[in-house]
Protein chains: 2
Amino acid sequence: MNIYDISKKAGVSIATVSRVLNGNEKVSEKTRQKILAVMEEAGYKPNAFARGLGLNTMKTVGILCANSSDAYLASAVYFMERELRKNDYNSILCCCGYELEDKQKYLELLLSKRVDAVVLVGSNFVESTPEKNKYILDAAGKVPIIILNGYLAADNVYCSLCDDKEATCRVTGRLLETGRKNLLYLCRAFSYSGQKKIEGFRQAFADKNMKLEEDQIQIFNGSIPEVKEMLSELSNRGVAFDGVLASDDELAIGALKYAKEKGLCVPGDLALVGYNNSKMGICCDPELTSIDNKLEFSCINAATVLMKVLEGSPVPSKTLFSADVVERGTTDIFAVRT
Amino acid sequence: MNIYDISKKAGVSIATVSRVLNGNEKVSEKTRQKILAVMEEAGYKPNAFARGLGLNTMKTVGILCANSSDAYLASAVYFMERELRKNDYNSILCCCGYELEDKQKYLELLLSKRVDAVVLVGSNFVESTPEKNKYILDAAGKVPIIILNGYLAADNVYCSLCDDKEATCRVTGRLLETGRKNLLYLCRAFSYSGQKKIEGFRQAFADKNMKLEEDQIQIFNGSIPEVKEMLSELSNRGVAFDGVLASDDELAIGALKYAKEKGLCVPGDLALVGYNNSKMGICCDPELTSIDNKLEFSCINAATVLMKVLEGSPVPSKTLFSADVVERGTTDIFAVRT
DNA sequence: TTGTAAGCGTTATCAC
DNA sequence: GTGATAACGCTTACAA
């Protein structure tokens, strides 16, 4: 069943059928109705591949992310897909892990599938050197690239992200103001947002003319029990800390487990702040104070920006959202400290 | 840059170029090398839409799921995408929520995109009546349908799932044997797997000739604090329970919060068992005993089955995995009860 | 082993 | 408004 069959049954040419298929105005209401009726009756569905060939688009965007089973990335993928779908775009999901080589490979794969755009979900796509980011620029030469939670200044690259630096600085500042002396920052890797968070942490100390030791920032990529171990060792090595900020909730919960094991009072002896405001944070006890970086907003914005770009409207190449601090039982920075 | 350009530059016909593109044997090594060299130099990438039109496939499968930000479904989507990609298939993700109307609508949407198959992720796709499942059968008339964690006996429908009934029965049995008198089952909805879990719960009582009251099974679709509330009310109404089994970890953690609030000892006064063995279960304290339903295995199997189906090999229409019980701090059913 | 030519099912540019 | 007809870029008999 194709456009020819329909045209025959309706007694018109394929051009006219194609016109009603594409909502072209220049078809008399009568023939339009006739054709629609024939289509309906025949259960006709236009061939998407032929359509793609003719229009040079299948209205799909590629969503590239390291690991969509990670709670945070999963939410981002979910929101992006939803927003794109609202705009009649389908999403091809591709999880590429954290290796540069694979990110590159799968970005190219998506392009070879002729997607209309690519969304890079997660700041881990932006590397530390221009050479390593070349693969993004290459792709941006073909289709618009949207980066979620990362920033790269380049043509045809659009970024939607949270002001992680400011939020981390704000919370760190409050912890210092409420009397914490020895804060620790736990971070998984030097991704773009990881860097920003660390900058915010440093900034808070700088703002108060306080000195920061190198071992107050720990880059550690481990699971909950591993974080617990690591902090035990750190403590045994003589590093003291009465507050831990982390770049995600899992790390912070690792610290909570450490406190439990050590018999420390939370937040009395040890204050804890996570990041992402994930469900994990309300599973523990006390529940975790966490920074909410407005992921849903960011995704909605990203989709809006992309649609504008695709229709040729001017858009900002960078949108920055401020984060919220959701205070729960592991801190007392906004309430009065007891 | 298309196949004609390449054929000219290489001094051959487009048919020959197409042959090397498709790995056809009948091309002399010499001309193959020549053509490959020309392609390489020209940076030629075949047009995926034209290819799709000619081959009637773009090697994509649709992944339909209610909500890919749900931790469990997110993992399933992740594993499926990974396995499909290993087999050179791309995944179009579509999140359709829990309404029958939308499930139907988006399944049709995927088919209109000419996917080679559709994976239904989650038992919620299988409804309780044949009429409501008709949309799946219709789709199965066009492409193979794989159901993850659900079962529907039909032509061209293949199911990969866990034996939830047996696992629930086993754990319930152990709880009864270790002296629990009043067990409660918490479940979100009557999905296929939800039904099976409840059946398992009932079976365990039947096996021991024990009677089960209707209020020992609670269908409740709420978040952690809501579960806590609900259990408080239940308790106030005079329903006693010394053990709670849940159809997912979040429900079980809600019960844990209830125990904390009530000052109950876990597992002494109240034993808790979750389902899915998610990360949430290791965030709480004590950590949650949970049933692991071998999701990764199931996804790998689903992909294997699908590949076989697509190549026309015979495969079982149903694969059943047995679940593991991961015992942690909220039960003492496999260790000796203290 | 290679080439010619007829599809695949659309869209879009012309005329009328 | 409508209809021929030429793209779109590839695959694949069928010939040679």
Side-chain angles (χ1 to χ4, degrees), chain A residues 1-39 42-60 88 90 109 111-116 142-143 310, chain B residues 1-39 42-60 88 90 109 111-116 142-143 310:
Chain A
M1 183 65 53
N2 60 27
I3 206 172
Y4 285 93
D5 300 321
I6 301 297
S7 75
K8 259 175 222 153
K9 295 196 193 209
V12 296
S13 74
I14 59 162
T16 305
V17 177
S18 178
R19 285 191 187 99
V20 338
L21 228 41
N22 293 285
N24 192 315
E25 302 286 293
K26 296 166 185 168
V27 180
S28 76
E29 197 49 32
K30 194 181 148 202
T31 51
R32 176 191 310 286
Q33 291 307 329
K34 171 70 183 165
I35 290 170
L36 286 174
V38 171
M39 283 177 172
Y44 166 73
K45 303 281 177 212
N47 182 304
F49 300 148
R51 218 134 190 250
L53 185 57
L55 294 168
N56 203 27
T57 168
M58 268 181 71
K59 299 254 263 177
T60 53
D88 269 335
N90 282 102
L109 179 82
L111 294 179
S112 81
K113 290 286 174 172
R114 302 248 155 180
V115 294
D116 296 305
K142 302 189 174 174
V143 297
L310 290 175
Chain B
M1 182 65 52
N2 61 27
I3 206 172
Y4 287 92
D5 300 321
I6 300 298
S7 75
K8 260 174 221 152
K9 293 198 195 207
V12 296
S13 76
I14 59 162
T16 306
V17 176
S18 177
R19 285 190 188 100
V20 338
L21 228 40
N22 293 284
N24 191 315
E25 303 285 290
K26 294 166 187 169
V27 180
S28 76
E29 197 48 34
K30 195 180 149 199
T31 52
R32 174 188 312 284
Q33 291 307 330
K34 170 71 183 167
I35 291 170
L36 285 174
V38 171
M39 283 176 171
Y44 167 74
K45 303 281 178 212
N47 183 306
F49 300 147
R51 212 126 196 261
L53 186 57
L55 295 168
N56 202 29
T57 169
M58 268 182 70
K59 299 252 267 178
T60 53
D88 269 336
N90 283 102
L109 179 82
L111 294 180
S112 81
K113 291 285 174 172
R114 303 248 153 179
V115 294
D116 296 305
K142 302 188 175 174
V143 298
L310 290 174

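Letters A, B, ... are given to chains in the order of the sequence lines, protein chains preceding strands, and every chain is numbered from 1.
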>> By nearest heavy atom, map B:Ser13 and B:Ala50 onto DNA chain C; which one lands nearer the 5' end?
In response: B:Ser13
>> Regarding B:Leu53, tell me which of base, sugar-phosphate or nothing describes its non-hydrogen contacts under 4.0 Å with the strands shown.
In response: base
>> If I compare all heavy atoms of A:Tyr4 with all of A:Ile14, which pair ends up nearest, and what's the gap?
In response: CD2-CG2, 3.5 Å
> Rounding to a whole Å, what distance do you find between A:Ile3:CD1 and C:dT10:C1'?
Replying inline: 6 Å
> Does a donor on one side chain sit under 3.5 Å from an acceptor on the other, for B:Asp116 and B:Thr57?
Replying inline: yes
>> Looking only at the side chains, is there a donor atom on one of B:Asn90 and B:Lys59 sitting less than 3.5 Å from an acceptor on the other?
In response: no
> So how far off straight is the helix from C:dT1-D:dA16 to C:dC16-D:dG1, going by the axes through five pairs at either end, to 10°?
Replying inline: 30°
> Which pair of non-hydrogen atoms, one from B:Asn2 and one from B:Asp5, has the smallest distance, and what is that distance?
Replying inline: N-OD2, 2.9 Å
>> If I take atom CG in residue B:Asn56 and atom P in nucleotide C:dT10, what distance separates them, rounded to the nearest angstrom?
In response: 11 Å
> Can you pull the contact range of chain A along DNA chain D, 5' to 3', using atoms under 4.0 angstrom from its heavy atoms?
Replying inline: D:dG1 to D:dG9
>> Rounded to whole Å, how long is the line connecting atom CG of A:Asn2 with atom P of C:dG7?
In response: 13 Å
> Taking all non-hydrogen atoms of both residues, which atom of A:Asn24 and which atom of A:Arg32 are closest, and how far apart?
Replying inline: O-NH2, 3.1 Å
> Side chain of A:Arg19: nearest nucleotide among C:dT10, C:dC14, C:dG3?
Replying inline: C:dC14
>> According to side-chain contact (heavy atoms from CB on, under 4.5 Å), who are the partners of B:Arg51, at least two apart in sequence or on a separate chain?
In response: B:Asn22, B:Pro46, B:Leu55
>> Within residues 20-32 of chain A, which residues have any heavy atom lying less than 4.0 Å from an atom of DNA chain D?
In response: A:Lys26, A:Val27, A:Ser28, A:Thr31
> Is the shortest heavy-atom distance from the side chain of A:Met39 to the side chain of A:Lys45 under 4.5 Å?
Replying inline: no
>> Minimum heavy-atom separation for B:Ala48 and A:Ser112, please, with both atom names.
In response: CB-O, 3.4 Å
> Contact class for B:Ser18 (heavy atom, under 4.0 Å): base, sugar-phosphate, or nothing?
Replying inline: base
> Excluding sequence neighbours, so at least two apart, what forms side chain to side chain donor-acceptor pair (under 3.5 Å) with B:Glu25?
Replying inline: none
> Which residues pass the side-chain contact (heavy atoms from CB on, under 4.5 Å) test with B:Val143, sequence neighbours left out?
Replying inline: B:Leu111, B:Val118, B:Ile145
>> Side-chain N or O of A:Tyr44 versus OP1/OP2 of C:dT10: is the shortest distance under 4.0 Å?
In response: yes
>> Using a 4.0 Å heavy-atom cut-off, does A:Phe49 contact any base of the nucleic acid, only the sugar-phosphate backbone, or nothing at all?
In response: nothing
>> Could you report the tightest heavy-atom contact between A:Lys113 and B:Phe49, atom names first, then the distance?
In response: O-CE2, 4.0 Å
